[in-house]
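Since the structure comes first, as structure tokens, the remarks are kept for the end.
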Amino acid sequence: MERMAILELRVARGWSQAETARRFLVKPTTIASWTKRIDESRPRPLVQVPEPVKKFPDLVRYVVRRLKTLFPSMGRRRIAQTLTRAGLRLSSSTVRRMLKDRGFDTLPPTETEATSAGERRNQGRAVTAKRPNHVWHVDLTVAPTASGFWTPWFPLSLPQVWPFCWWIACAVDHYSRSVLSSAVFKKQPTSLEVRAFLDGVSRRVKASPKYVVCDKGVQFTSVGLEAWCKRRRIRPRYGAAHQYGSIAVIERFIKSLKDEWLRRLIIPLRLEAMRKELSAYISWFNDHRPHQGLDGCTPREIYEDIVPLKGV
């Protein structure tokens with residue numbers, strides 16, 4: 001177990017074999033040997049157990065705690081879904097009990113809990129997505145840079161423009177929760193720039209939606225955007241003004257974007273670097289992040305109708 005902890009520390013710190021060996025007073029070949037023996041199915045595994053892992057709650061509890069320690073933003077449901085995909089079937093209540101034993105009393109609200117209130121408010125006029133690219137959600141958000149909104153002197157603490165922040169536009173497919181595309185702007189984009197962004201999304205996915213769901217910002221309520229939708233036979237739908245949860249799907253993605261990425265990153269001042277960082281998060285979100293609203297599948301698996309490789 002101590003050797004496994006050393007390998008976990010090596011991955012978390014990004015050390016090479018030589019650096020890890022130097023810090024723990026062993027040879028690099030020893031670290032390489034431990035790495036090869038991680039898999040329990042190999043001869044002489046690093047961690048040897050005489051019975052199946054499921055009969056050892058202490059070992060399972062250790063894995064759950066390590067996930068929570070290394071990824072604090074993961075809730076109990078996502079931990080359970082991640083372990084299920086690896087072959088360990090746990091309920092969210094079991095995960096909560098394991099975390100509570102070590103003092104993890106507070107867990108972040110689940111995706112379902114965060115969006116249910118807003119979705120109930122919109123049930124009377126909600127649009128139901130029946131397939132990928134049937135309903136798109138579009139919204140804007142701001143990401144403060146290192147020079148951000150906390151600049152103390154007036155008037156530089158007021159303008160929401162570069163170099164104090166970036167404006168980010170996102171388009172999310174309602175059916176799969178997949179992020180179709182994103183764009184970064186130095187200041188609040190105009191209606192023309194939003195239309196160009198949506199044109200780029202259509203070209204990228206080679207499809208147009210039947211509905212576009214957005215808020216009542218000036219970019220989305222302009223005559224130009226309405227004409228753009230009419231030419232493409234798209235019906236715009238609007239959330240309630242100044243009401244949290246009226247466009248719950250895109251708001252939930254933006255919350256994940258800020259909690260899991262923006263608040264853990266020194267946001268760059270160069271446009272190309274910002275685009276690269278945003279693209280990396282969206283790629284991880286689509287391909288690897290289990291989604292609670294999709295029964296533990298990833299958005300890419302639903303969007304491309306891929307059967308997930310869940311544990312038996």
Side-chain angles (χ1 to χ4, degrees), residues 114-115 117-119 121-122 124-127 129 133-145 147-151 154-174 177 179-205 207-258 261-262 267 269 271 274-275 278 282:
T115 60
E119 290 173 345
R121 285 194 292 266
N122 288 328
R125 53 195 177 93
V127 175
N133 295 316
H134 183 218
V135 180
W136 288 359
H137 291 254
V138 183
D139 201 8
L140 303 171
T141 188
V142 291
T145 64
S147 304
F149 303 143
W150 48 80
T151 303
F154 181 85
L156 297 181
S157 58
L158 297 182
Q160 294 185 345
V161 296
W162 184 87
F164 305 106
C165 75
W166 297 105
W167 281 81
I168 301 174
C170 301
V172 175
D173 176 60
H174 184 112
R177 306 301 200 268
V179 184
L180 302 175
S181 188
S182 64
V184 181
F185 304 92
K186 290 188 174 182
K187 60 181 180 179
Q188 186 174 7
T190 63
S191 175
L192 182 61
E193 290 174 320
V194 169
R195 279 177 273 157
F197 167 66
L198 291 174
D199 278 331
V201 178
S202 295
R203 287 193 301 269
R204 184 176 180 273
V205 302
S208 293
K210 184 176 181 180
Y211 298 95
V212 167
V213 181
C214 51
D215 60 19
K216 294 184 179 179
V218 292
Q219 298 88 352
F220 305 115
T221 55
S222 68
V223 177
L225 185 64
E226 292 179 357
W228 181 90
C229 291
K230 188 175 182 179
R231 287 195 303 270
R232 290 159 178 77
R233 298 180 180 179
I234 299 173
R235 297 177 60 182
R237 298 294 296 269
Y238 299 101
H242 309 295
Q243 187 170 349
Y244 176 79
S246 59
I247 49 173
V249 172
I250 189 72
E251 285 178 344
R252 187 59 182 88
F253 165 71
I254 290 175
K255 182 178 184 300
S256 298
L257 175 72
K258 292 184 176 181
W261 179 64
L262 293 179
I267 298 178
L269 287 174
L271 179 60
M274 181 63 180
R275 286 173 176 166
L278 182 59
I282 290 176

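The backbone N or O of Tyr211 sits nowhere less than 3.5 Å from a side-chain atom of Arg237 that would complete a donor-acceptor pair.
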Kindly indicate, with the supporting measurements, whether the criterion side chain to side chain contact (heavy atoms under 4.5 Å, CB included) is fulfilled by Phe253 and Arg177.
CA-CA 8 Å; Phe253 165 71; Arg177 306 301 200 268; over 6 Å; no
Under the criterion side chain to side chain contact (heavy atoms under 4.5 Å, CB included), I'd like the reasoning laid out for Cys214 against Ile247: C-alpha separation, chi angles, the key distance, then a yes or no.
CA-CA 7 Å; Cys214 51; Ile247 49 173; 6.0 Å; no
Determine whether Ile168 and Met274 satisfy the following criterion, side chain to side chain contact (heavy atoms under 4.5 Å, CB included), listing intermediate values before the conclusion.
CA-CA 10 Å; Ile168 301 174; Met274 181 63 180; 3.8 Å; yes
Checking Trp167 against Gln160 for the side chain to side chain contact (heavy atoms under 4.5 Å, CB included) test, could you report, in this order, the C-alpha distance in whole Å, the side-chain angles of both residues, the deciding distance, and whether it holds?
CA-CA 8 Å; Trp167 281 81; Gln160 294 185 345; 3.4 Å; yes
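Considering every non-hydrogen atom in both Asp215 and Tyr238, the closest pair reads O-CD2, 3.3 Å. Here the shortest heavy-atom pairing between Trp136 and Val205 reads CZ2-CG2, 3.8 Å. Shown here for Pro209 and Ile234, the closest heavy-atom pair between the two residues is O-CG1, 3.3 Å. Looking at every heavy atom in both residues, Ile267 comes nearest to Ala143 through CD1-CB, 3.8 Å. Closest non-hydrogen pair, Ser208 versus Ser202, comes out as OG-OG, 3.7 Å. A pairwise comparison of heavy atoms in Val249 and Val172 identifies CG1-CG1, 4.1 Å as the closest pair.
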Would you give me the side-chain donor-acceptor pairs under 3.5 Å for residues 190-200, sequence neighbours excluded?
from, atom 1, to, atom 2, distance (Å)
Thr190, OG1, Glu193, N, 3.3
Ser191, OG, Arg195, NE, 3.4
Ser191, OG, Gln219, O, 3.4
Ser191, OG, Ser222, OG, 2.6
Glu193, OE1, Thr190, N, 2.9
Arg195, NE, Ser191, O, 3.3
Asp199, OD1, Trp228, NE1, 3.0
Asp199, OD1, Arg232, NE, 3.4
Asp199, OD1, Arg232, NH2, 3.1
Asp199, OD2, Trp228, NE1, 3.4

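You'll find the side chain of Val142 stays beyond 4.5 Å of the side chain of Trp166, heavy atoms only. Under the 4.5 Å side-chain criterion, counting only non-hydrogen atoms from C-beta, Pro236 is not in contact with Leu225. Proximity of Val138 to Ile250: side-chain heavy atoms (C-beta onward) are nowhere separated by under 4.5 Å. Leu278 is listed as a side-chain neighbour of Trp261, based on a closest heavy-atom distance under 4.5 Å.
For the atom pair Glu251 CD and Thr141 OG1, the distance stands at 10.0 Å (nearest 0.5 Å). Here Leu257 contributes atom CG and Cys170 contributes atom SG; the two are 6.0 Å apart, rounded to the nearest 0.5 Å. One finds the CG atom of Leu269 at 10.0 Å from the CZ atom of Phe164 (value rounded to the nearest 0.5 Å). Expressed to the nearest 0.5 Å, how far OG of Ser181 lies from CZ of Arg203 amounts to 10.0 Å. From Phe220, atom CZ reaches atom SG of Cys229 across 10.5 Å, with rounding to the nearest 0.5 Å. Between Lys187 atom NZ and Cys165 atom SG the span is 12.5 Å, to the nearest 0.5 Å.
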